[in-house]
Amino acid sequence: MAALQPARGTRDLVGEDCRRHLHVVETARRIAACYGMEEWSTPVFEDTRVFSRSLGDTSDVVMKEMYSFTDRGGDSLTLRPEATAGICRALVSNGLTQSLPQKVFYTGPMFRYERPQKGRYRQFHQIDVEVLGAAEPLADAEVIACGWHVLKALGISGDVTLELNTLGDRDSREAYRAALVEYFTAHREALSADSLSRLERNPLRIVDSKDEGDRRIVAGAPTIAAHLTPAAAEFYDRLRRHLDAFKVPFVENPRIVRGLDYYGHTAFEFVTSRLGAQGTVMGGGRYEGLVEEMGGPPTPGVGWAAGVERLSMLLASAPDPVAPVAVVPVGEAAESPALALLQRLREAGISAEMAYRGNLKRRLERANRIKARAAVILGETEVARGVAQLKDLASGAQAEVPLAEVVARLR
RNA sequence: GCGAGCGUAGCUCAGAUGGUAGAGCGCCAGGUUGUGGUCUUGGAUGUCACGGGUUCGAGUCCCGUCGCUCGCCCCA
């Protein structure tokens, strides 16, 4: 029988991989709670319209990357490609537009039908923070400070730079977009084939091109700064002042853009050079109109998402599993007392293991292999005297301890 | 959708110019029937990704397929 492989773009999280993954998620969860974020959980699949509406008219290309299917009732459902749309839908579904702001932490698997590459999978996992219903730049700064805090707590902030930009308000963006189209049209002979088609579809994206020829042209392209309305410039100023006050370091990068219309004002990415072409480790910004698309009232939002796989790859080391205590019975008469002790240890909150078989030597070898911190050796002579041999497996020191005191000694 | 590289033991990999497959780690057992780590002796393990071709002979060369990896496109 041929061995089956995981489906393309999916992978198992086993051993160290799983510990890294959980460490990222648990760290983010703990820190987000310090910022008043409450965890939500929404379905893994949704009515396809939840996502198609969030994508507006860019649909065509992007829709091809969604895992969509028709269920037996004939409804079109989609495995969520991201968390924000579902969160906005849930805000409306649960009537929470009446109690704003809502500050949300989210984590879970997402799905996109893409060609897998480094740090990029078809089933991947994100951590996500969103603040819904706050129009003030302080919310943006708080969200970014939370992200920075998570990266610091993971010990990877040294490898990561916060890059910040503003997309301005609607008037700013329209003026900027027009200026960009004019500029790139004037240089169209020099643009790459890819960027020529972007000029039609999504001119903002040219600014983000990886093509070297394009980059030379982009260097001379207009930036958003000159096209900001006074209100948009003021919003951006306040954001930067708040970040300074929060002591969050950043560099400005006018090349950070967003493809969809509902993004405005703040756009940011935490980037690293350690992950090849997938350098963005956490990205986010401000948006408007998404909640309306889900049938709610106009409600602004600001948030970020980060790929757990990418963060896991940046961790210097995997956290160790908790070191257990090994209970080692010697001889048949010791087995029941050993089981009783095993259970007492576990109920006292101490991680404890007892091998299913083997003699003393084999069990100690195994205790060593599972990195046990101590062994409790219980032979027939010990049972008869109501004691146990307590052996520290790091030092090798062994002492006789009354059975009744074993749990306290190992706490 | 496009391009490049790679596929040999559980893992990491070695196998010039074609001659019937190896190491380290890990695993199992003994040295040590109530004491692990270190040491030492021995042992098991492979459709050499799959299919075809060239050849007396293919892990090695050729063609195809599949898979993985990295990159392009896309990135909500």
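Everything numeric here is computed off the predicted structure, so don't read it as measured data. Protein chains get the first letters and strands the later ones, always in sequence-line order, with residue 1 at the start of each.
- By the 6.0 Å and 45° rule, R238(A) does not stack over the aromatic ring of F235(A).
- Only the C1' atoms considered, rU8(B) is 12 Å distant from rU47(B), to the nearest whole Å.
- When the P atom of rC74(B) is taken as reference, atom CZ of R258(A) falls 15 Å away, rounded to whole Å.
- R80(A) places a side-chain N or O within 3.5 Å of a backbone atom of T42(A) that can act as its donor or acceptor partner.
- The interatomic distance linking N359(A) (CG) with rU33(B) (C1') rounds to 8 Å, in whole Å.
- Not a single donor-acceptor pair under 3.5 Å links the side chain of Y35(A) to the backbone N or O of G147(A).
- Contact between the side-chain N/O atoms of K361(A) and the OP1/OP2 oxygens of rU33(B) is not found at any separation under 4.0 Å.
- Within the nucleic acid shown, T84(A) has no heavy atom closer than 4.0 Å to any nucleic acid atom.
- For rC74(B), the OP1/OP2 oxygens have no side-chain nitrogen or oxygen of R205(A) closer than 4.0 Å.
- Within the shown strands, nothing qualifies as a pairing partner of rU55(B) under the Watson-Crick or G-U definition with both distances less than 3.5 Å.
- Put simply, the side chain of N368(A) and the base of rG37(B) share no donor and acceptor less than 3.5 Å apart.
- Across all strands shown, rC11(B) forms a Watson-Crick or G-U wobble pair with rG24(B), both key distances being under 3.5 Å.
- With C1' as the reference atom, rU65(B) and rU45(B) are 29 Å apart, rounded to whole Å.
- When heavy atoms are screened at a 4.0 angstrom cut-off, E382(A) is found touching base atoms of the nucleic acid.
- The residue among S395(A) and F51(A) whose nearest nucleotide of RNA chain B is located toward the 5' end is S395(A).
- OP1 or OP2 of rC70(B) has not a single side-chain nitrogen or oxygen of R115(A) nearer than 4.0 Å.
- The pairing partner recorded for rU69(B) is rA4(B), the criterion being a Watson-Crick or G-U wobble arrangement whose two distances lie under 3.5 angstrom.
- Checking rA76(B), rC74(B), rG67(B) against the side-chain heavy atoms of R8(A) singles out rG67(B) as nearest.
- Of the candidate nucleotides rG34(B), rG36(B), rC75(B), rC75(B) has the atom nearest to the side chain of K210(A).
- Between the side chain of R115(A) and the backbone N or O of G9(A) there is no donor-acceptor pair closer than 3.5 Å.
- Nucleotides rG15(B) and rC75(B) are separated by 43 Å at their C1' atoms, to the nearest Å.
- Between the P atoms of rU12(B) and rC68(B), the separation comes to 16 Å (whole Å).
- For rA76(B), neither phosphate oxygen OP1 nor OP2 lies less than 4.0 angstrom from any side-chain nitrogen or oxygen of R80(A).
- One P atom belongs to rC11(B), the other to rC48(B), and the distance between them is 15 Å to the nearest Å.
- Put simply, CG on L364(A) is 9 Å from P on rU35(B), counting in whole angstrom units.
- For the pair Q5(A) CD and rU69(B) C1', the computed distance is 14 Å after rounding to whole Å.
- Across the strands present, rG46(B) finds no partner; the criterion is a Watson-Crick or G-U wobble pair with both atom distances under 3.5 angstrom.
- Rounded to whole angstrom, the span from the CG atom of L204(A) across to the P atom of rC74(B) amounts to 13 Å.
- Heavy atoms from other residues, nucleotides or ligands lying under 6.0 Å from CZ of R11(A) number more than 12.
- Here rA16(B) sits opposite no nucleotide as a Watson-Crick or G-U wobble pair (both hydrogen-bonding atom distances under 3.5 Å).
- Of the listed nucleotides (rC72(B), rG37(B), rA76(B)), rG37(B) has the atom at the smallest distance from the side chain of E365(A).
- Computed from coordinates, the D214(A) CG to rC72(B) P distance equals 14 Å when rounded to whole Å.
- Remark: side-chain polar atoms of E309(A) are paired, donor with acceptor, to backbone N or O of H125(A) under 3.5 angstrom.
- Of the possible polar contacts, none joining the R286(A) side chain to the T266(A) backbone as a donor-acceptor pair under 3.5 Å is found.
- Contact annotation for A277(A): backbone-only contact, meaning every heavy-atom pair under 4.0 Å involves sugar-phosphate atoms and none involves a base.
- Remark: side-chain polar atoms of D214(A) are paired, donor with acceptor, to backbone N or O of S192(A) under 3.5 angstrom.
- Counting non-hydrogen atoms under 4.0 angstrom, G283(A) reaches nothing in the nucleic acid.
- Distance noted for atom C1' between rC6(B) and rA49(B): 12 Å (whole Å).
- Among the protein residues, A372(A) comes within range of no part of the nucleic acid, since none of its heavy atoms lies under 4.0 Å from any strand.
- Comparing L393(A) and Y262(A) by the nucleotide of RNA chain B whose heavy atom lies nearest to each, the residue mapping closer to the 5' end is L393(A).
- No side-chain donor-acceptor contact under 3.5 Å links E405(A) to the backbone of A408(A).
- Annotation: rC73(B) and rG1(B) have their C1' atoms spaced 8 Å apart (nearest Å).
- Phosphate proximity of rA29(B) to R362(A): present, with a side-chain N or O under 4.0 Å from OP1 or OP2.
- Atom pair R366(A):CZ and rG26(B):C1' shows a separation of 16 Å (rounding to whole Å applied).
- In rA4(B) the O4'-C1'-N dihedral to the base is more than 90° from 0, which defines an anti nucleotide.
- Using a 4.0 Å heavy-atom cutoff across all strands shown, Y263(A) reaches sugar-phosphate atoms only and no base atom.
- Out of rG34(B), rA76(B), rC72(B), the shortest distance to the side chain of D194(A) is found at rC72(B).
- Listed nucleotides rG34(B), rC75(B), rA76(B) differ in distance to N202(A); the shortest reach to its side chain belongs to rC75(B).
- Q278(A) places its CD atom 11 Å from the C1' atom of rC72(B), with the value rounded to the nearest Å.
- Taking atom C1' on both nucleotides, rA9(B) is separated from rG46(B) by 5 Å, rounded to a whole Å.
- An OP1 or OP2 oxygen of rC70(B) is reached within less than 4.0 angstrom by no side-chain nitrogen or oxygen of Q117(A).
- Side-chain proximity of R369(A) to the nucleotides rG36(B), rC28(B), rC2(B) is greatest for rC28(B).
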